[in-house]
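This report concerns only the one structure given below.
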Amino acid sequence: MIPIKLRIVGGGEDLLRDMNRKSANMDSLVVCFGEFLIDFVPTVGGVSLAEAPAFKKAPGGAPANVAVCVSRLGGSSAFIGKVGDDEFGHMLANILKENYVDNTGMRFDQSARTALAFVTLRADGEREFLFFRHPSADMRLHESELDINLINKAKIFHYGSISLIEEPCRSAQLAAMTIAKKSGSILSYDPNLRLPLWPSAEAAREGIMSIWEQADLIKVSEDEITFLTEGGDPYDDNVVMNKLFHPNLKLLIVTEGSAGCRYYTKAFKGRVPGIKVKAVDTTGAGDAFVGGLLSSLASDLNLFQDEKGLREALAFANACGALTVTGRGAIPALPTKQAVVDALTQYNAS
């Protein structure tokens with residue numbers, strides 16, 4: 001019999017390979033919990049929202065970005081969250097499906113809309129946000145709506161802090177974390193600080209830290225360290241270890257943007273340099289980094305004890321973040337595994 005290779009129209013991964021990958025990798029499933037929304041990004045950079053001539057819509061939301069990143073890198077992922085029972089919500093569900101992310105944990109709210117965020121791209125590629133979320137569907141996920149079977153399958157359960165801001169989603173997240181922990185999942189936490197969404201800075205600090213000690217893996221940025229430690233120096237290892245490292249933590253990562261990242265475990269610590277690129281839009285860079293790291297960890301949890309292997313995984317994650325900032329929008333710009341491998345090969349050869 002002559003083998004037939006099926007390809008998805010418009011580009012993408014080989015369909016048969018993807019089906020085989022999903023069945024083979026269910027024991028390496030990364031389940032991401034949280035918000036999924038529509039970002040409206042100006043078509044030109046360096047302008048205010050009022051000055052923008054037009055906006056381009058793009059799917060957004062850190063946990064969903066991570067789920068797509070893991071899948072695009074060849075891993076197995078799923079997303080749990082709530083969107084509106086509206087055109088935007090169903091569009092987001094379809095985007096996950098098109099990217100081979102299990103979306104069976106998504107729920108649709110008939111009385112609240114899918115969240116919107118207008119994102120200003122400054123001249124340096126950094127962002128400012130204006131959210132429309134009063135309330136949005138993602139905030140209305142109830143504990144009773146959780147897909148418990150899906151959570152139980154997670155090798156890694158990843159989440160942020162935005163779902164902690166209001167009920168009922170806060171209780172849903174706490175319940176999901178408890179289920180995942182009991183089933184033996186690694187808990188991965190990226191606080192993803194968005195101060196405008198919290199009632200106050202103090203509420204944000206308390207909310208983010210309220211679940212800090214439950215995580216096995218935490219990723220924070222330099223700015224988040226300064227905020228969470230109330231002015232601590234993000235480059236001071238003593239600040240990081242004394243104020244943010246907790247006894248049950250397997251790995252703490254500090255991202256430094258284009259400069260790379262630092263890593264801390266009980267046994268070792270170090271720094272892995274980043275890949276320099278021309279930034280067009282930094283949206284999703286941190287999520288791409290997390291997705292890159294989680295895709296490696298899901299395949300080999302021994303990386304927590306293997307410094308050499310961990311450094312390689314972090315170099316891979318750095319490259320994921322770097323490639324993502326070279327395009328506009330988070331999910332559209334997320335790289336394939338081959339693109340990351342090629343970028344690292346080129347970087348190492350230079």
Side-chain angles (χ1 to χ4, degrees), residues 18-36 61-83 92-93 96-97 99-109 137-164 167-192 210-219 248-251 287 290-291 293-304:
D18 182 82
M19 292 168 63
N20 292 335
R21 180 191 74 188
K22 293 305 176 188
S23 61
N25 287 359
M26 283 308 293
D27 61 344
S28 299
L29 181 66
V30 177
V31 176
C32 301
F33 175 99
E35 69 279 4
F36 201 10
N65 292 342
V66 172
V68 173
C69 185
V70 169
S71 180
R72 196 165 293 177
L73 292 170
S76 181
S77 64
F79 174 76
I80 293 176
K82 201 171 194 182
V83 293
L92 293 175
L96 292 185
K97 186 176 181 180
N99 283 279
Y100 309 109
V101 175
D102 184 338
N103 66 1
T104 56
M106 287 186 72
R107 302 293 180 259
F108 298 88
D109 197 298
D138 60 289
M139 303 160 66
R140 295 166 61 94
L141 181 69
H142 290 261
E143 180 180 344
S144 60
E145 297 176 297
L146 292 174
D147 188 331
I148 295 175
N149 289 332
L150 185 58
I151 298 172
N152 281 329
K153 294 176 184 176
K155 187 166 189 178
I156 299 176
F157 184 74
H158 177 72
Y159 49 88
S161 69
I162 290 175
S163 296
L164 298 173
E167 293 289 358
C169 196
R170 174 181 167 81
S171 291
Q173 174 166 338
L174 296 177
M177 290 167 56
T178 299
I179 294 167
K181 194 70 172 178
K182 286 182 178 178
S183 70
S185 302
I186 293 293
L187 298 191
S188 167
Y189 184 23
D190 178 2
N192 195 35
S210 68
I211 59 170
W212 197 261
E213 296 195 0
Q214 297 180 48
D216 299 295
L217 162 64
I218 298 175
K219 171 252 167 190
N248 299 320
L249 197 57
K250 298 180 186 297
L251 177 63
D287 305 329
V290 173
L293 177 59
L294 296 188
S295 68
S296 297
L297 285 169
S299 299
D300 184 8
L301 291 180
N302 290 325
L303 292 176
F304 286 124

TODO: Taking the side chain as every heavy atom from C-beta outward, state whether Phe304 and Leu297 have any atom pair closer than 4.5 Å.
DONE: yes
Open item on the list: On a heavy-atom basis, which atom in Glu145 and which in Arg107 lie closest, and how many Å separate them?
Closed with: O-NE, 3.0 Å
- [ ] Would you name the heavy atoms of Gly160 and Gln173 that are closest together and state the gap between them?
- [x] O-NE2, 2.9 Å
Task: Reference residue Pro168; test side-chain contact (heavy atoms from CB on, under 4.5 Å); the match among His142, Met139, Lys82 - done: His142
Task: Validation row: Lys181, Gln214 side chains within 4.5 angstrom (heavy atoms) - done: no
Open item on the list: Give me the atom names and distance for the closest heavy-atom approach of Pro191 to Ser161.
Closed with: O-OG, 2.6 Å
Task: Min side-chain heavy-atom separation Val31-Lys153 under 4.5 Å - done: no
Task: Point-to-point distance, once rounded to the nearest 0.5 Å, from CG of Asp216 to CG of Asn248 - done: 8.0 Å
TODO: Could you grab the distance from atom CG of Leu187 to atom NZ of Lys250, nearest 0.5 Å is fine?
DONE: 10.0 Å
Open item on the list: Tell me if a side-chain donor or acceptor on Ser295 pairs with a main-chain N or O of Gly75 at a distance below 3.5 Å.
Closed with: no
TODO: Might you work through the side chain to side chain contact (heavy atoms under 4.5 Å, CB included) test for Ser28 and Ser76, ending with a clear yes or no?
DONE: CA-CA 7 Å; Ser28 299; Ser76 181; 5.7 Å; no
Open item on the list: To the closest 0.5 Å, what do you measure between CD1 (Ile186) and CG (Leu294)?
Closed with: 10.5 Å
Open item on the list: Taking His158's backbone N and O only, do any of them form a donor-acceptor pair with Ser188's side chain (distance below 3.5 Å, no angle check)?
Closed with: no
- [ ] Apply the side-chain contact (heavy atoms from CB on, under 4.5 Å) test between Ile80 and each candidate in Ile151, Asn103, Thr104; give the one that qualifies.
- [x] Ile151
- [ ] Evaluate the side-chain proximity of Asp27 to Lys155: yes if any heavy-atom separation is below 4.5 Å, no if none is.
- [x] no
Task: SG on Cys32 to CG on Asp102, rounded to 0.5 Å - done: 11.5 Å
Task: Closest heavy-atom pair and its distance - Asn99, Ser71 - done: O-OG, 2.6 Å
Open item on the list: For a 4.5 angstrom cut-off between non-hydrogen side-chain atoms, does Asp190 reach Asp287?
Closed with: yes
TODO: Please examine the side chains of Leu96 and Val68, heavy atoms only from C-beta on, and report whether any two atoms are closer than 4.5 Å.
DONE: yes
Open item on the list: The criterion is ring pair (Phe, Tyr, Trp, His ring centres under 6.0 Å); which residues satisfy it with Phe157, sequence neighbours excluded?
Closed with: Tyr159
Task: Which atom of Phe33 lies closest to which atom of Ala172, heavy atoms considered - done: CZ-C, 4.1 Å
Task: From Leu174 atom CG to Ile211 atom CD1, the distance as rounded to the nearest 0.5 Å - done: 7.0 Å
Task: From Leu29 atom CG to Ile156 atom CD1, the distance as rounded to the nearest 0.5 Å - done: 9.5 Å
TODO: Could you tell me which non-hydrogen atom of Leu146 sits nearest to which non-hydrogen atom of Ala175, and how far apart they are?
DONE: CD1-CB, 4.0 Å
TODO: May I ask you to test the Val101-Val70 pair for a side-chain heavy-atom distance under 4.5 Å?
DONE: no
